[in-house]
Novice: 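Provided herewith is a single structure, encoded as structure tokens, for subsequent inquiry.
Just so you know, residue 1 is the first one in the sequence shown, and it goes up from there.
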Amino acid sequence: MRVVQLQEQLLGNKPLQQTECEAIIPYMDDGSEVVHRVKRGSEEELCLKLSRKADKIYPTCSYFVGVDWIKEGELAVQVSPKMNDGFEIDYVRMLNEALAEPDNMGHLTDLLTIRFDKPSICISQQQDLLSIFLITEYLNILQRIVRKGLKKSYYRVEENLNNKVKGHILVSRTIQRNLAKGRITDNVCRYQVYDIDSPENRILKKALAFCKKQLEVYKHALDIKALEKKVRYVLPYFERVGDEISVKAMKTFKGNPVFKEYFTAVEYAQLLLRRFSYDITLAGKKEIDTPPFWIDMSKLFELYVYGKLKKIFTGKREIQYHLTAHRQELDYLLKPTEWAEPYVIDAKYKPRYKEEEEGITMDDARQLSGYARLSKIYKELGLNEETALPIKCLVVYPDQEKEERFTFTRTEEPAFEKVSNYVRFYKLGIRLPVISV
């Protein structure tokens, strides 16, 4: 089995290199396509399309990175998170910084799609984006949980007691383990305990052990100091939690959705455990079998930008994320308490906007203009639809010549770069963290 390596944001007007074309052509008929999509609500989004024309393969990559099959069992493709200039994005730091904002914990849906229904693909551990993403999300959720303290709950305990009875006596087991051996005063009892050593917390601890072992793999490829620090912070809280739990219990346990953070943590723990087939010896190996998966880098960029905006606009409801209006979702609505006017803001994971003479594409301009003309948005901002000026629109995009933070303040509105040909349209770049070579 072979894995063809591509990078994200490739356009279909240029063919792949000859070696890549030669690897793929035997598995595609002339004029055929291989298309990978993921579900987003009722719609589907393109992750990758490969088109064969004679002896050339033309790729169209969107803003997704991941691994999937071209021909199941024989040829796979991996799309890596690299920008147009060839450097590699430090997606782990992006995710860590994004999840430092508590509100983002509720917006992780659709960031990651895992295809457990397809056969696994063997890749190098250094290329294993899926594990490091799951570990990063899991450790951030777990850190928030332990700060509040592990949840106590009722669970059953089975114990062989000497000279006493507690709960229900298990007659057959008492006969087998005690009476048959002459221990007539001992009883095997089953009773309930209210404490932290519950099956739920044992699952969380088991997944934490997988995280700790797997992080060793990434030491020389990624900056994982922040993740290792989270592991050291979380571990002591599980000292009174047992290690023993069956694979069946790990697979079938259902969390309580009333406790949202715990419910999410258990879901991620089960994903991690399933990802390693519930076998900790698989963590830390040089090569690993991974289910096909896709990570939405544009969604990650949204979360990253939201975290940066929240650091500046700290007032209540100053900055709102994914506000729904007329069956549409804005990225952000900014209603600053100190600035003169509000903004409708959109995050576009398009580094080419740095070079675009016209500023932004027509489709993006139409989308953002449409958001800024919704009646609900005017009502939310307390504006009169008939007399107010058009709401200002701001596009945030990656620009590696900028800083990794917004340099403006909450108290003074800056002069954003104006987008030509559009009224009250602006754009703003922000640098993304990159992996040092």
Novice: To the nearest 0.5 Å, what is the distance between CZ (R52) and CD1 (I57)?
Specialist: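 So the gap between those two atoms works out to 6.0 Å.
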Novice: Quick one: does E20's side chain have a donor or acceptor within less than 3.5 Å of a partner on V4's backbone?
Specialist: no
Novice: Show, in sequence, the C-alpha distance, side-chain angles and deciding distance for V396 and F406, and conclude whether the side chain to side chain contact (heavy atoms under 4.5 Å, CB included) test is met.
Specialist: CA-CA 10 Å; V396 182; F406 295 125; 3.9 Å; yes
Novice: Check R410, K335, K311 against E318 for a salt bridge (Lys or Arg N to Asp or Glu O under 4.0 Å) and give me the one that passes.
Specialist: R410
Novice: Are the side chains of S62 and E45 in contact, using a 4.5 Å heavy-atom criterion?
Specialist: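 They are not in side-chain contact.
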Novice: Please check this pair: side chain of Q270 against backbone of M250, looking for a donor-acceptor N/O pair closer than 3.5 Å.
Specialist: yes
Novice: Are the side chain of K56 and the backbone N or O of C21 linked by a donor-acceptor pair below 3.5 Å?
Specialist: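 No; judged by distance alone, with no hydrogens or angles, the pair does not exist.
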Novice: Go through the steps for E244 and R202 under the test salt bridge (charged side-chain N to carboxylate O under 4.0 Å, His left out), then give the verdict.
Specialist: CA-CA 7 Å; E244 296 301 317; R202 288 192 178 198; over 6 Å; no
Novice: Which heavy-atom pair separates A340 from E413 by the least distance, and what is that distance?
Specialist: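 Of all heavy-atom pairs spanning A340 and E413, the closest is N-OE1, 3.8 Å.
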Novice: Assess the residue pair D68 and K118 against the criterion (salt bridge (charged side-chain N to carboxylate O under 4.0 Å, His left out)); give the C-alpha distance rounded to whole Å, side-chain angles, the decisive distance to 0.1 Å, and a yes or no.
Specialist: CA-CA 9 Å; D68 216 323; K118 290 186 176 184; 2.9 Å; yes
Novice: Return the CG to CD1 distance between L333 and I377, rounded to the nearest 0.5 Å.
Specialist: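 With rounding to 0.5 Å, CG (L333) is 5.0 Å from CD1 (I377).
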Novice: One pair to check against salt bridge (charged side-chain N to carboxylate O under 4.0 Å, His left out): R275 and D128. What are the steps and the verdict?
Specialist: CA-CA 11 Å; R275 190 254 171 287; D128 183 19; 3.1 Å; yes
Novice: Would you say CZ of R373 has more than 12 non-hydrogen atoms from neighbouring residues, nucleotides or ligands within 6.0 angstrom?
Specialist: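 For R373, atom CZ is crowded (more than 12 foreign heavy atoms under 6.0 Å).
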Novice: Is the backbone N or O of E403 less than 3.5 Å from a side-chain atom of R431, with the two atoms forming a donor-acceptor pair by type?
Specialist: no
Novice: Taking the six-membered ring of F416, is the NZ or CZ of K427 close enough (under 6.0 Å from the centre) and on axis enough (within 45°)?
Specialist: no
Novice: Does K418 have more than 12 heavy atoms from other residues, nucleotides or ligands lying within 6.0 Å of its NZ?
Specialist: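 Result for NZ/K418: enclosed.
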Novice: Test your reading of the model: is there a side-chain donor-acceptor pair from R2 to the backbone of L75, 3.5 Å cut-off?
Specialist: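 Between the backbone of L75 and the side chain of R2 there is no qualifying donor-acceptor contact (under 3.5 Å).
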Novice: Specify the closest pair of heavy atoms between V34 and W69, including all atoms of both residues, with the distance to one decimal.
Specialist: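 Looking at all heavy atoms of both residues, the closest pair is CG1-O, 4.4 Å.
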Novice: Is it true that a side-chain atom of D331 and a backbone atom of I345 form a donor plus acceptor pair closer than 3.5 Å?
Specialist: no
Novice: So, E101 side chain and D103 main chain: donor-acceptor pair closer than 3.5 Å or not?
Specialist: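 Yes, the answer is positive, given that a donor and an acceptor are paired below the 3.5 Å cut-off.
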Novice: Between Y306 and E302, do the side chains contain an N or O donor and an N or O acceptor separated by less than 3.5 Å?
Specialist: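 Per modelled atom types, Y306 and E302 side chains form no pair under 3.5 Å.
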Novice: Can you name the nearest heavy-atom pair linking I196 to V241, along with the distance?
Specialist: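 For I196 versus V241, the nearest heavy atoms are O-CG2, 3.8 Å.
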Novice: Kindly confirm or rule out a cation-pi arrangement of K354 over Y397, judged by NZ or CZ under 6.0 Å from the six-membered ring centre and within 45° of its axis?
Specialist: no
Novice: Would you find a donor on one side and an acceptor on the other, under 3.5 Å apart, between the side chain of K376 and the backbone of T324?
Specialist: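 A pair under 3.5 Å: yes.
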Novice: Nearest 0.5 Å, please: how far is CZ in R156 from CD in E158?
Specialist: 10.5 Å
Novice: Answer yes or no: does atom NZ of K212 have more than 12 heavy-atom neighbours from other residues, nucleotides or ligands under 6.0 Å?
Specialist: no
Novice: Does any N or O in the side chain of K230 come within less than 3.5 Å of the main-chain N or O of L139, such that one atom is a donor and the other an acceptor?
Specialist: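 Not confirmed, K230 side chain does not pair with L139 backbone.
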Novice: Do you know the tightest heavy-atom contact between V38 and C47?
Specialist: CG1-SG, 3.5 Å
Novice: Could you tell me whether the side chains of Y155 and N201 share a donor-acceptor contact shorter than 3.5 Å?
Specialist: no
Novice: Between D279 and S277, do the side chains contain a donor N or O and an acceptor N or O under 3.5 Å apart?
Specialist: no
Novice: Drop me the distance from T361's OG1 to K348's NZ, to the nearest 0.5 angstrom.
Specialist: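 Interatomic distance, T361 OG1 to K348 NZ, rounded to 0.5 Å: 7.5 Å.
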Novice: Please evaluate residues F210 and L273 with respect to the criterion side chain to side chain contact (heavy atoms under 4.5 Å, CB included), reporting the C-alpha separation (whole Å), side-chain torsions for both, the decisive distance (0.1 Å), and the verdict.
Specialist: CA-CA 8 Å; F210 275 73; L273 295 167; 3.5 Å; yes
Novice: Salt-bridge test for D117 and R115: reply yes if a basic N is under 4.0 Å from a carboxylate O, no otherwise.
Specialist: yes
Novice: Decide if atom CD of Q18 counts as having more than 12 heavy atoms of other residues, nucleotides or ligands within a radius under 6.0 Å.
Specialist: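 No.
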Novice: Which word best sums up how the rings of Y332 and Y321 line up, parallel for under 30°, tilted for 30 to 60°, or perpendicular for over 60°?
Specialist: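 Y332 and Y321: parallel rings.
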Novice: Would you call the rings of F301 and Y349 parallel, tilted or perpendicular if under 30° counts as parallel and over 60° as perpendicular?
Specialist: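 Rings of F301 and Y349: tilted, as their planes differ by 30° to 60°.
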Novice: Nearest 0.5 Å, what's the CG-CG distance between L130 and L271?
Specialist: 8.5 Å
Novice: Verify side chain to side chain contact (heavy atoms under 4.5 Å, CB included) between V344 and L394, making sure each step is shown before the conclusion.
Specialist: CA-CA 6 Å; V344 169; L394 178 66; over 6 Å; no
Novice: Does the structure place the NZ or CZ of K71 under 6.0 Å from the centre of the six-membered ring of Y27, at an angle of no more than 45° from the ring's axis?
Specialist: no
Novice: More than 12 heavy atoms of other residues, nucleotides or ligands under 6.0 Å from CD of E44: yes or no?
Specialist: yes
Novice: Do other residues, nucleotides or ligands put more than 12 heavy atoms under 6.0 Å from the CD atom of Q5?
Specialist: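 Correct, the count exceeds 12.
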Novice: Hey, does V35 have a side-chain heavy atom less than 4.5 Å from the side chain of R37?
Specialist: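 Sidechains of V35 and R37: in contact.
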Novice: Please work out which of the three classes, parallel, tilted or perpendicular, describes the rings of W339 and F408, given edges at 30° and 60°.
Specialist: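 Perpendicular.
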Novice: What I want to find out is whether D110 reaches K39 closely enough, with some N-O distance under 4.0 Å, to be called a salt bridge.
Specialist: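 Salt bridge: no.
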Novice: Any carboxylate oxygen within less than 4.0 angstrom of a Lys/Arg side-chain nitrogen, looking at K205 and E239?
Specialist: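 No, no charged N to carboxylate O under 4.0 Å.
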Novice: Would you verify whether the NZ or CZ of K392 falls within 45 degrees of the ring axis of F425 while also being under 6.0 Å from that six-membered ring's centre?
Specialist: no
Novice: Rounded to the nearest 0.5 Å, what separates atom CG in L432 from atom CZ in R93?
Specialist: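 Here the interatomic distance stands at 10.0 Å.
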Novice: Please confirm whether the backbone N or O of G242 pairs with a side-chain atom of D197, one donor and one acceptor, at under 3.5 Å?
Specialist: yes
Novice: Give the minimum heavy-atom separation between L50 and M28, together with the two atoms involved.
Specialist: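 Closest pair (atom of L50, atom of M28, distance): O-CE, 3.4 Å.
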Novice: Using distance alone, with no hydrogens and no angle criterion, decide if N384 and Y378 have a side-chain donor and acceptor under 3.5 Å apart.
Specialist: no
Novice: Looking only at heavy atoms, what is the nearest atom pair of Y218 and Q214, with distance?
Specialist: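 So the minimum-distance heavy-atom pair works out to OH-NE2, 3.2 Å.
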